[in-house]
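In what follows, chains carry the letters A, B, and so on, assigned in the order in which the sequence lines appear, proteins first and then strands, with residues in each chain numbered from 1.
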Amino acid sequence: MAEEARESLESARVEKLERLKGLGLDPWGSRFDNHEAIGSVRARGEGMQPEDAAGPTVRIAGRIMLRRGQGKVAFLELRDWTERIQVMVGKNQVGEQGWAITDSLDLGDLIGIDGRLGHTRTGELTVFADRITFLAKSVLPPPEKWHGLTDQEQRYRQREVDLFSNPESLQVLLGRSKVVSAFRRVMASFGFVEVETPTMQAIAGGAAAKPFITHHNALDINLFLRIAPELYLKRLLVGGMERVFEIGRVYRNEGLSPRHNPEFTMFEAYQAYGDYHAMMDLTEALVAGSIEAVGGGYQRSWCGATMDFTPPWPRKTYHELVAEHAGVDPHDAVAVANRAREAGIETAGKDPVVVLSELFEAVLEHALAGPVFVIDYPAPLCPLTKRKASNPDVAERFELYVKGVELANAYTELNDPYLQEQLFREQLAGLPPEESMAKMDEEFVRALKHAMPPAGGLGIGIDRLVMILLDRASIRDVILFPLMRPKGAQQ
RNA sequence: GCCCUCCUAGCUCAAUUGGCAGAGCAGCUGACUCUUAAUCAGCGGGUUGAAGGUUCGAGUCCUUCGGGGGGCACCA
């Protein structure tokens, strides 16, 4: 039976665990202070001559990835979250107890090593162990030592195994953290403060998406998990917090795909007395800071395509792009509708602006190489955006596209409470309510009546940015624990 | 939700037109104090995702179910 085979592998390891106990050791280890990152040890080794036999003493800790027994000496490959390094353990050097420990090691075990840094006869940088400290037993066998874990399902379901057996996965997900840190650094340098707003909301506003519903028992009310933090952040502008940002999860009850996970990380920022041009500058600074953090420069490739992130990026109007790529005058509703039908879009009963929008998405989104700021959207699509003073049919909004992926969305924020209230009530023909951003939020409108400063607002999808900067094809590769259907669940 | 596709040992993968389920790694036993995916000798490990069906015979063909990946739809 498969179960028995697995258990026999486990029991062989449990037997060694008992052997460690027999040596008077705790197989689950304890505190191990002052160990040095293996990456740092390696860096020190760079400056050493290969003939330096007895280098500095070092203390490292990590997981045993490889083992090469050689009689009364053993070579171990130890890995921590920075690097891997070879350790040589000799029976004469570590003594009877140390050798007994070495004899009980399995691939996957966690150990600490005190030793001297040097090189072997073949020139490999190696820690020559003086002492071995057992830190934790792995009673399950790790994946194959050369291929690692390749099965996608297991890599997502057992991310911890993926992380320790596939260094690339670890680097990608650490890279994600570097991007988030870079965002915080850049925002601080621009004088923004980080805030936290409700993720459970009575009205799921600020974006067009179907929400998740949850229930609060004590109040006996249904609440929505937020689809965007937007409306609360703008209320902070009213309150006088002039530069705020939030990095947090939002939840959208929609399909899964290589670009969509039901919960994802949204960055939003609001700057009093700014506008959408200020947000474009900020976007460039944030992406530049992220690129600096993950390395690799402005010329990047993603899924085989190359792109240039050297700022500033092109800024083209929505209408220009429609004329250029769809070959149709965006002001000519009949021509737009004809072109849309050519592209296979149903036009009957839809507002001309909705048809234009669907044509844009069908024809243009994937044609935009980027990075490119698409600016000045048709006003009816943007119920939260200030209209251009010179033209009320155009909203001061931009979206940032890179290789067909929408990375950022920003507005000059609408701060006229009467217009806001009116726009919340308007429902475009052909748009079901849950697909509209227009959801009446009385609290928000009331807040605007206390005067919200004219402002620029920006939203960036962190997951997608990380995907593009770290050249991952699937959003699941940049989320530590992507949503998976529970295995063996009934119905 | 629909379409395509995948699921074989702990892991990575084989298995000819339907014809005895295999290998490497990992594991176990032994040898080895400078190896590099160490090597050498030997040993164990399987309800081929699940359940049915066709057939003399199914890992392979059919049906249903479960899970994954990709696409469509929806969206960021």
Whole angstrom is fine here: how far is it from [atom1] in [X] over to [atom2] in [N]?
| X | N | atom1 | atom2 | answer |
| --- | --- | --- | --- | --- |
| A:F75 | B:A38 | CZ | P | 11 Å |
| A:E15 | B:G44 | CD | P | 19 Å |
| A:I475 | B:G70 | CD1 | C1' | 16 Å |
| A:I64 | B:A26 | CD1 | P | 14 Å |
| A:D162 | B:G69 | CG | P | 13 Å |
| A:E254 | B:A76 | CD | P | 7 Å |
| A:L483 | B:G67 | CG | P | 12 Å |
| A:R121 | B:U33 | CZ | C1' | 8 Å |

Write down the distance separating the [atom1] atoms in [N] and [M], rounded off to the nearest Å.
| N | M | atom1 | answer |
| --- | --- | --- | --- |
| B:U47 | B:U33 | C1' | 47 Å |
| B:U48 | B:A41 | C1' | 31 Å |
| B:G67 | B:A31 | C1' | 45 Å |
| B:C56 | B:A23 | C1' | 30 Å |
| B:G10 | B:C28 | P | 16 Å |
| B:G46 | B:A50 | P | 14 Å |
| B:A9 | B:A21 | C1' | 11 Å |
| B:A15 | B:G70 | P | 25 Å |

Rounded distance (nearest 0.5 Å) linking atom [atom1] of [X] with atom [atom2] of [Y]:
| X | Y | atom1 | atom2 | answer |
| --- | --- | --- | --- | --- |
| A:L400 | A:R315 | CG | CZ | 10.5 Å |
| A:K210 | A:I227 | NZ | CD1 | 11.0 Å |
| A:F128 | A:T120 | CZ | OG1 | 6.0 Å |
| A:R84 | A:R42 | CZ | CZ | 9.0 Å |

Could you tell me whether A:R397 sits above the aromatic face of A:Y411, with NZ or CZ closer than 6.0 angstrom to the six-membered ring centre and within 45 degrees of the axis?
-> no
Between the side chains of A:Q154 and A:Y156, is a donor N or O closer than 3.5 angstrom to an acceptor N or O?
-> no
Does a donor on one side chain and an acceptor on the other come within less than 3.5 Å for A:E399 and A:Y401?
-> yes
Hey, does [X] reach any base, or is it just sugar-phosphate, or nothing, if we go heavy atoms under 4.0 Å?
| X | result |
| --- | --- |
| A:G148 | sugar-phosphate |
| A:N253 | nothing |
| A:D151 | sugar-phosphate |
| A:T150 | sugar-phosphate |
| A:F264 | base |
| A:R259 | base |
| A:P142 | nothing |
| A:E153 | sugar-phosphate |
| A:M266 | nothing |
| A:R155 | nothing |
| A:R67 | sugar-phosphate |

[N]: pairing nucleotide in any strand, Watson-Crick or G-U under 3.5 angstrom:
| N | result |
| --- | --- |
| B:U16 | none |
| B:G44 | none |
| B:A50 | B:U64 |
| B:C32 | none |
| B:G1 | B:C72 |
| B:G24 | B:C11 |

Of A:R464 and A:N92, whose closest RNA chain B nucleotide lies nearer the 5' terminus?
-> A:N92
Sorted by position of nearest nucleotide on RNA chain B, 5' first, the leading residue of A:Y156 and A:W146 is A:W146
[X] side-chain proximity, nearest of [options]:
| X | options | result |
| --- | --- | --- |
| A:H147 | B:G69, B:G27, B:U12 | B:U12 |
| A:Q154 | B:U12, B:C11, B:A37 | B:C11 |
| A:A12 | B:G70, B:C28, B:C74 | B:C28 |
| A:E144 | B:C34, B:G27, B:C25 | B:C25 |
| A:F128 | B:U33, B:C34, B:A37 | B:C34 |
| A:R157 | B:A26, B:A73, B:G67 | B:G67 |
| A:P258 | B:G70, B:G69, B:U33 | B:G70 |

Residue pair A:R226, A:M200: steps toward the side-chain contact (heavy atoms from CB on, under 4.5 Å) verdict = CA-CA 6 Å; A:R226 69 176 173 190; A:M200 295 192 295; over 6 Å; no
Of the non-hydrogen atoms in A:G55 and A:M48, which two are nearest, and what is the gap between them?
-> CA-CE, 4.0 Å
Does a nitrogen or oxygen in the side chain of [X] sit under 4.0 Å from OP1 or OP2 of [N]?
| X | N | value |
| --- | --- | --- |
| A:K91 | B:U33 | no |
| A:R68 | B:A38 | yes |
| A:R485 | B:G67 | yes |
| A:R476 | B:G70 | yes |
| A:K145 | B:A38 | yes |
| A:Q70 | B:U33 | no |
| A:Q93 | B:U33 | no |

Is the CZ atom of A:R159 crowded by more than 12 outside heavy atoms at less than 6.0 Å?
-> yes
Go through the N and O atoms of the side chain of A:Q86 and the base of B:U35, and report whether any donor-acceptor pair is under 3.5 Å.
-> yes
